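Report on the structure given below.
Residue numbering restarts at 1 for every chain, and letters A, B, ... go by the order of the sequence lines. This one's a predicted model, so the numbers in the text were calculated from it and none came from an experiment.
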Amino acid sequence: MADKANQAAAPIAGAADEAVEADEVEILEAPARGSVDELLDAGAHDELDAMRHSTAHVMAEAVLDLFPGTKLGIGPAIADGFYYDFELPRALTPDDLSAIEARMRESVSANHPFVRKEVPFDDGRAAVEGQGQGYKVEILDDLASKAKEAGEPSPTITFYEHGPFSDLCRGPHVASTGKIGPFKLLSVAGAYWRGDAKRPALQRVYGTVWAGQEALDAFLWRRAEARKRDHRKLGVQLDLFSFHDVSPGAPFFHPKGQLLWRLLEGSMRELQGRRGYLEVATPIVVSERLWRQSGHWDLYKEHMFLVESENQTFSLKPMNCPESTFIYRSRKRSYRDLPLRYNEYGRLHRNELSGALSGLTRVRQFVQDDAHIYVRPDQLMAEIQALLGEVREAYGWFGLTPRFSFATKPDKAIGDPALWERAERLTMEAFAASDISYELKPKDGTFYAPKIDIYIDDALGREWQMATIQIDLTMLPERFDLTYDDETGEGVRPIAIHRAMYGSLERFIGILIEHFAGAFPLWIAPVQAIVIPIADRHVEPAEELASVLRSRGLRVEVDGSNNRMQNKIRLAQEQKVPYMLVLGDREIEAKTAAPRTRAGEQQPAESWDSLADRLAAEAAARGG
RNA sequence: GCCGACAUAGCUCAGCGGUAGAGCAGCUGUUUCGUAAACAGCAGGUCCUCGGUUCAAAUCCGAGUGUCGGCUCCA
């Protein structure tokens, strides 16, 4: 992102350089003011970035003013705002943030111009060192050594000044502090200098700034909305799952959460059955010998849970792939056997850092809807095409539109280059044949496989990486010595495709909760309809109606409590039950029901049977 | 793992050195109601755990556990 921003900013910086020759000093023009949408439409994202970066400078000015002696780290523009890393004598509190914000507003009101100064390297380094800004000195020394490696002299460096504040900075900036739009400081968090746990921990202050008040408000609304939809909160509210300290990083699924899980799993099983997958199950506790053979032992050991027994070391499997090869090799395979599609709902354990755990999205154990497909090289393209179709179908169940990326051979890759070339070409042809566009990510594949990643944007416009398809040319086939006999009886290596559609079921459920804000589509709603009898005398008919609906496979509850109807509706609404069926004298007499949807829509009354047929059909159709 | 914050009833939170509180949920009773909260009563807590300071600790200090915000989107 920052790289992109910097590249995009390059022409501006170039123009500035020319002006510098004429005048020594260049003031960059401020971006045109307007809504963020206008800026984006105008392709002016980098100008918004310039403003964000400028705001970071103003924040640094304020912090330096309030906490003299503060050492500055870096302060870039980021996706929705900016941050700056500081080394401070004490931890910042929320009150400090307000004080910093107030001080920043003064600087903005003063409308200090941003002034660009270009100085020879050594002078700049001396100045920074004189200010006691050790981190900046380190940045400069890195620049110098990089230049030296490239056989170039130390570069000229630039400072940006506004008012009393001066900072080593590549720019660009807005013309003056007054051009900074409405902003807000958001949070403070720890961050290592250069992301390195061995280096000092700095305090990172995050803020956001936008071109206009509406844009800031919209951002803050999205942020608040995301908080409301937080799956950790909704999971408790909707009684789907809970977490307990006896097993950090692992959810306890309640009946409704487990039901949701089984519906997702069932739907995928149905698709896989149609596509000729064969479900397998492999052991969870596996000898370390397997991981030595697969190569995971060296690379992944510290993330594995180890178990000792009778002088042997076992691990809880962190991935399924090596084990499916044992099934492949359990008998001699013929070219006629392929493609062989093994799918497995395997429970995996990965010992993530305790600080990295978070709800359902970062867990220590999860289930992957994994599959390993062994194909002949001549079957590769057709199989990829089929897989792309599977992705589209499965994501369609949730009304999600998948986006695809394709990552090709990295520099340090293993395996036959000709095979790589062929696999990449066939994959691109499969995309073309499926009429699917994709983003090409050159050299971004894994060391053993070109890789297709699938992304979605959720209801709040957040991007999530979901499914993945890896075309494994060498890892499983070579390391586990997989072969099949071709027409001439000669042993040939198959290609192994690793694929997961949901990825981790846990994470997928977390994303669905946030995407739908807990209001699941009918087909996965744990309770699809609730019958609400108005008075006691209506409870028995309510049970009758529920039976009719249940006989069509619908998941139905009856609220037989002595609450008032209004309260029953409110509770059902809070549980995001798709259909509420209020039953009183009128309905019972006519044997009808008039559904109220959770959106508050009142649907016309219809007979119990036709209602049951309609809802059952809606559920069977899946779809978000 | 590291930095910072937080941990009080099932949930959301108040109390911040002097015997533990509210709303919601729960239970019991009354109410039988027409599309987002009927009324009353009752019950509910090793104030995360362990240690320390103090006449006295939910409150202050230390350690542990868990949760939350982060830990290159690089001048």
Side-chain angles (χ1 to χ4, degrees), chain A residues 1-6 49 52-53 56-57 72-85 87-88 90-94 124 128 133 135-143 155 157-160 167-171 186-206 227 230 232-233 236-237 239 242-249 302 351-359 532-539 561-575 580-587 594-598 600-603:
Chain A
M1 193 71 204
D3 274 342
K4 205 176 82 193
N6 288 336
D49 279 351
R52 287 175 172 163
H53 189 48
H57 274 228
L72 303 176
I74 57 167
I78 53 170
D80 290 315
F82 59 90
Y83 68 79
Y84 215 118
D85 288 342
E87 185 182 296
L88 288 156
R90 65 167 175 85
L92 292 173
T93 66
V128 168
Q133 293 295 352
Y135 297 111
K136 300 286 183 188
V137 173
E138 190 179 323
I139 289 164
L140 286 176
D141 288 347
D142 278 4
L143 280 179
I157 54 184
T158 53
F159 286 82
Y160 276 83
D167 194 8
L168 172 69
C169 179
R170 171 160 57 194
L186 300 173
S187 61
V188 54
Y192 298 111
W193 171 239
R194 304 208 148 166
D196 182 348
K198 294 185 192 72
R199 308 299 303 274
L202 308 177
Q203 296 188 62
R204 175 169 298 178
V205 180
Y206 284 93
R227 217 167 282 182
D230 190 324
R232 293 167 299 196
K233 220 174 124 180
V236 172
Q237 252 172 55
D239 197 17
S242 54
F243 285 88
H244 304 278
D245 60 10
V246 291
S247 187
E302 70 264 38
N351 198 357
E352 304 287 350
L353 294 176
S354 57
L357 302 176
S358 176
I532 298 179
I534 291 177
D536 278 352
R537 63 178 181 281
H538 306 129
V539 171
S561 72
N562 66 349
N563 284 324
R564 299 180 67 213
M565 175 211 60
Q566 284 87 341
N567 195 28
K568 293 177 184 178
I569 288 172
R570 182 186 151 85
L571 294 175
Q573 200 76 47
E574 277 174 351
Q575 288 299 306
M580 285 156 254
L581 307 167
V582 174
L583 219 60
D585 293 333
R586 289 204 301 265
E587 288 79 9
R596 173 201 160 103
T597 69
R598 64 189 158 196
E601 181 203 355
Q602 190 60 56
Q603 299 185 337

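Nucleotide B/G51: paired with B/C61 (Watson-Crick or G-U wobble, both distances less than 3.5 Å). Nucleotide B/C27 forms a pair with B/G41, judged by Watson-Crick or G-U wobble geometry with both contacts under 3.5 Å. Here B/C68 sits opposite B/G4 as a Watson-Crick or G-U wobble pair (both hydrogen-bonding atom distances under 3.5 Å).
A/N562 comes within 4.0 angstrom of a base, heavy atoms only. The residue A/A594 sits apart from the nucleic acid: no heavy atom pair falls under 4.0 Å. At a threshold of 4.0 angstrom between heavy atoms, the contacts of A/A191 are confined to the sugar-phosphate backbone, with no base atom among them. Across all strands shown, A/K136 has heavy atoms under 4.0 Å from sugar-phosphate atoms exclusively, and none from any base. Using a 4.0 Å heavy-atom distance criterion, A/Q573 is classed as a base contact. Across all strands, A/R204 comes closer than 4.0 Å only to sugar-phosphate atoms, never to a base (heavy-atom distances). In this structure, A/E587 reaches the bases: a heavy-atom distance under 4.0 Å links it to at least one base atom across the strands shown. A/D585 comes within 4.0 angstrom of a base, heavy atoms only. Residue A/N567 is classed as a sugar-phosphate contact, given heavy-atom separations below 4.0 Å to backbone atoms only.
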Per-nucleotide protein contact string for nucleotides 64-69 of chain B, where B marks a base within reach and S marks sugar-phosphate only (heavy atoms under 4.0 Å, - for neither): --SSSB

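A donor-acceptor contact under 3.5 Å is not formed by the side chain of A/Q602 with the base of B/G34.
Straight-line distance from the OH atom of A/Y192 to the C1' atom of B/C71: 6 Å, rounded to whole Å. If you measure from atom CG of A/D85 to atom C1' of B/C71, you get 9 Å, rounded to the nearest angstrom. At whole-Å resolution of the value, CD in A/E138 and P in B/U72 are 16 Å apart. In this entry the distance linking OH of A/Y84 with C1' of B/C74 reads 11 Å, nearest Å. Nucleotide B/U35 holds its P atom 17 Å from the CD atom of A/Q603, rounded to whole Å. Between the CD atom of A/Q566 and the P atom of B/C33 there is a distance of 11 Å, given to the nearest Å. As rounded to whole Å, 9 Å separates atom C1' of B/C73 from atom CD1 of A/I74. At whole-Å resolution of the value, CG in A/N563 and C1' in B/C27 are 14 Å apart.
One finds no side-chain N or O of A/R199 lying less than 4.0 angstrom from the OP1 or OP2 phosphate oxygen of B/C2. Side-chain nitrogen and oxygen atoms of A/R564 include at least one within less than 4.0 Å of the OP1 or OP2 phosphate oxygen of B/A38.
Mapping A/A535 and A/H53 onto RNA chain B by nearest heavy atom places A/A535 at the nucleotide closer to the 5' end. Both A/D536 and A/E352 sit near RNA chain B, but only A/E352 has its closest nucleotide nearer the 5' end.
Between A/W193 and A/Y135, the angle of the ring planes lies from 30° to 60°, which puts this pair in the tilted group.
Salt-bridge formation is detected for the pair A/D585/A/R537: a Lys NZ or Arg NE/NH1/NH2 atom is positioned less than 4.0 Å from an Asp or Glu carboxylate oxygen. A salt bridge is defined here as a Lys NZ or Arg NE, NH1 or NH2 lying under 4.0 Å from an Asp or Glu carboxylate O, and A/D196 with A/R194 fails to meet this definition.
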